[in-house]
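Notes for the one structure printed next.
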Amino acid sequence: MLGYTGILSFGHAMFYGIGAYLTGILLKYAGWPLGSALLAVIAAAVALAIVISVVSLRVRGVYFAMATLAFSGMFFILVQATDLRDITGAEDGLHGIPTPAWLNPTEDRLFFYYLALAFCLVMYLIARRVVESPPGRVMVAIRENEPRAQMIGFNTFAYKIIAVTLASVMAALAGVMHALWNLNATPEVFSVDTTINALLMTIIGGVGTLIGPMLGAGVLQLLGYWLNEIFGPRWPLIIGIVYVLLVLFLPYGIVGTWQMRRNDIQAGWRRLLQPLRTEPEQPVARKS
């Protein structure tokens, strides 16, 4: 949404939370099999994304971000409602989510790691296929200059709905993985902190890249772990300072800055090696 279509959302945690809570409710209370629960999560994410897109995409920029934040806040309040305590667990959250025996993270953590790795690779390949397709090129054109994309005949509103829907389904499936790994779903998954963490991962790794946010996720998680070990409760202050330094010295993120400067580095090496190259000798023409 942000890197390739230029749509900033402050409420993307809403879909992450929908995936986590809906999975827990269907597995725990409805007794659905995991496959059927996955299909239900995808259908719910698509329907919700289309509704929110139709309502919110009529405004742009920070206004769209605020609209998505409002929707996310609505769900954050809803799952904490005491009237729904028997379903969502209210402030305590939904705990004791059952999983198939072959997918129990407490008994076989290594298998779940490989499952998460496979999920990550599949999501990457799908995103790569989309951004390299003709619709993906239109999304980049919308990011660069939406009025010009409209002038040459593209329905930019429809393409933005596609981008929001795809990103929402991915977030909802990530929420499913969260519920299966933690065996719970708490209201924090709907909080704005979840969205901010996702944005930090994207910005640290590199907006407009696919590998960048994945690398940014690793950097943010490992930094949080290490800094918590060293500085204790003060670690968010340190990570804030690190983030400011990254923005100052790597303004396009880790991968984005490398891609920007890679051509300069290669050009510098070519200039350095140029004197070592000699002109090939011209063949001497024989006289007839």
| field | Any donor-acceptor N/O pair, T156 side chain to P147 backbone, under 3.5 Å | value | no
| request: Go through the structure and list residues passing ring pair (Phe, Tyr, Trp, His ring centres under 6.0 Å) with F112, not counting sequence neighbours. | output: W181
| note | Correct closest heavy-atom pair for G206 and T209 would be O-OG1, 2.7 Å
| remark: In terms of heavy-atom contacts, I204 and G216 come closest through CG2-CA, 4.3 Å
| field | Cluster overlap V247 with L227, hydrophobic side-chain contacts below 4.5 Å | value | yes
| said: With clusters defined by side-chain heavy atoms of hydrophobic residues (ILVMFWY) lying less than 4.5 Å apart, directly or transitively, does M1 cluster with L48? | reply: yes
| In Å and rounded to the nearest 0.5 Å, what is the CG to CE distance from L121 to M214? | 6.5 Å
| said: Please determine whether the number of non-hydrogen atoms from other residues, nucleotides or ligands lying under 6.0 Å from atom OH of Y29 exceeds 12. | reply: yes
| Where T186 and N184 come nearest, the two heavy atoms and their spacing | CG2-OD1, 4.2 Å
| query | Any sub-3.5 Å donor-acceptor pair from Y16's side-chain atoms to A172's backbone N or O? | reply | no
| note | When rounded to the nearest 0.5 Å, the distance separating CE of M201 from CG of L215 is 11.5 Å
| Would you say the side chain of P251 lies within less than 4.5 Å of the side chain of T257, judging by non-hydrogen atoms? | yes
| 4.5 Å side-chain heavy-atom contact, L220 and I239 | yes
| ILVMFWY network linking I230 to L223, side-chain heavy atoms under 4.5 angstrom | yes
| request: Determine whether I196 and V62 fall in the same hydrophobic cluster, where Ile, Leu, Val, Met, Phe, Trp and Tyr are linked whenever their side-chain heavy atoms lie under 4.5 Å apart. | output: yes
| remark: For G93 and P187 the tightest heavy-atom approach is CA-CD, 4.0 Å
| field | Point-to-point distance, once rounded to the nearest 0.5 Å, from CG of D92 to CD of Q80 | value | 10.0 Å
| query | Would you find a donor on one side and an acceptor on the other, under 3.5 Å apart, between the side chain of T195 and the backbone of A13? | reply | yes
| Do L39 and V169 belong together in a cluster built from hydrophobic side chains that touch within less than 4.5 Å? | no
| message | Is there a side-chain contact between L115 and L103 in this structure, where contact means two heavy atoms from C-beta onward sitting under 4.5 Å apart? | response | yes
| task | Nearest 0.5 Å please: distance from the CG atom of L8 over to the CZ atom of R60. | result | 15.0 Å
| Test item: E229 side-chain N/O and Y225 main-chain N/O as donor-acceptor pair under 3.5 Å | no
| task | Determine the minimum heavy-atom distance between A44 and L22, stating which atoms define it. | result | CB-CD2, 3.8 Å
| request: Taking the side chain as every heavy atom from C-beta outward, state whether M139 and I162 have any pair of such atoms under 4.5 Å apart. | output: yes
| said: Tell me if the centroids of the rings in F190 and Y21 come within less than 6.0 Å of each other. | reply: yes
| message | For L84, is there any backbone N or O sitting under 3.5 Å from a side-chain donor or acceptor partner on T88? | response | yes
| request: Show the numbers, then the answer: is there a side chain to side chain contact (heavy atoms under 4.5 Å, CB included) between I18 and V41? | output: CA-CA 8 Å; I18 288 292; V41 167; 5.7 Å; no
| S53 side chain to I161 backbone, donor-acceptor under 3.5 Å | no
| query | Distance-only, no hydrogens or angles: does the S72 side chain make a donor-acceptor pair with backbone N or O of L69 under 3.5 Å? | reply | no
| request: Find the distance between OG1 (T165) and CD1 (I50) and round it off to the nearest 0.5 Å. | output: 5.0 Å
| field | Polar side-chain atom of H12 near backbone of A198 as donor-acceptor pair, under 3.5 Å | value | no
| message | Is it true that, when you exclude F64 itself, more than 12 heavy atoms of the residues, nucleotides or ligands shown sit nearer than 6.0 Å to its CZ? | response | yes
| task | Step by step, work out the side chain to side chain contact (heavy atoms under 4.5 Å, CB included) result for I97 and N182. | result | CA-CA 9 Å; I97 297 175; N182 295 286; over 6 Å; no
| message | Would you say OH of Y124 has more than 12 non-hydrogen atoms from neighbouring residues, nucleotides or ligands within 6.0 angstrom? | response | yes
| request: Look only at the side chain of N228 and the backbone of G224, and say whether a donor-acceptor pair between them is shorter than 3.5 Å. | output: no
| field | F71 vs V55 side-chain heavy atoms within contact, under 4.5 Å | value | yes
| Is there side-chain contact between I7 and L57, with heavy atoms separated by less than 4.5 Å? | yes
| Is the number of heavy atoms from other residues, nucleotides or ligands under 6.0 Å of R148 CZ greater than 12? | no
| request: Before giving the answer on side chain to side chain contact (heavy atoms under 4.5 Å, CB included), spell out for H95 and L183 the whole-Å C-alpha distance, their side-chain angles and the decisive distance to 0.1 Å. | output: CA-CA 6 Å; H95 296 274; L183 302 180; over 6 Å; no
| task | Check whether any side-chain heavy atom of F10 sits under 4.5 Å from a side-chain heavy atom of L199, and report yes or no. | result | yes
| Do other residues, nucleotides or ligands put more than 12 heavy atoms under 6.0 Å from the CZ atom of F111? | yes
| field | Distance (rounded to the nearest 0.5 Å) between N104 CG and R109 CZ | value | 10.5 Å
| query | With a 4.5 Å heavy-atom cut-off, do T194 and E188 have their side chains touching? | reply | no
| task | May I ask you to check whether over 12 heavy atoms, not counting those of R128, lie within 6.0 Å of atom CZ? | result | yes
| query | Would T202 and V207 count as a side chain to side chain contact (heavy atoms under 4.5 Å, CB included) if you check the C-alpha gap in whole Å, the side-chain angles of each, and the deciding distance to 0.1 Å? | reply | CA-CA 6 Å; T202 303; V207 178; 4.0 Å; yes
| Polar side-chain atom of R85 near backbone of A81 as donor-acceptor pair, under 3.5 Å | no
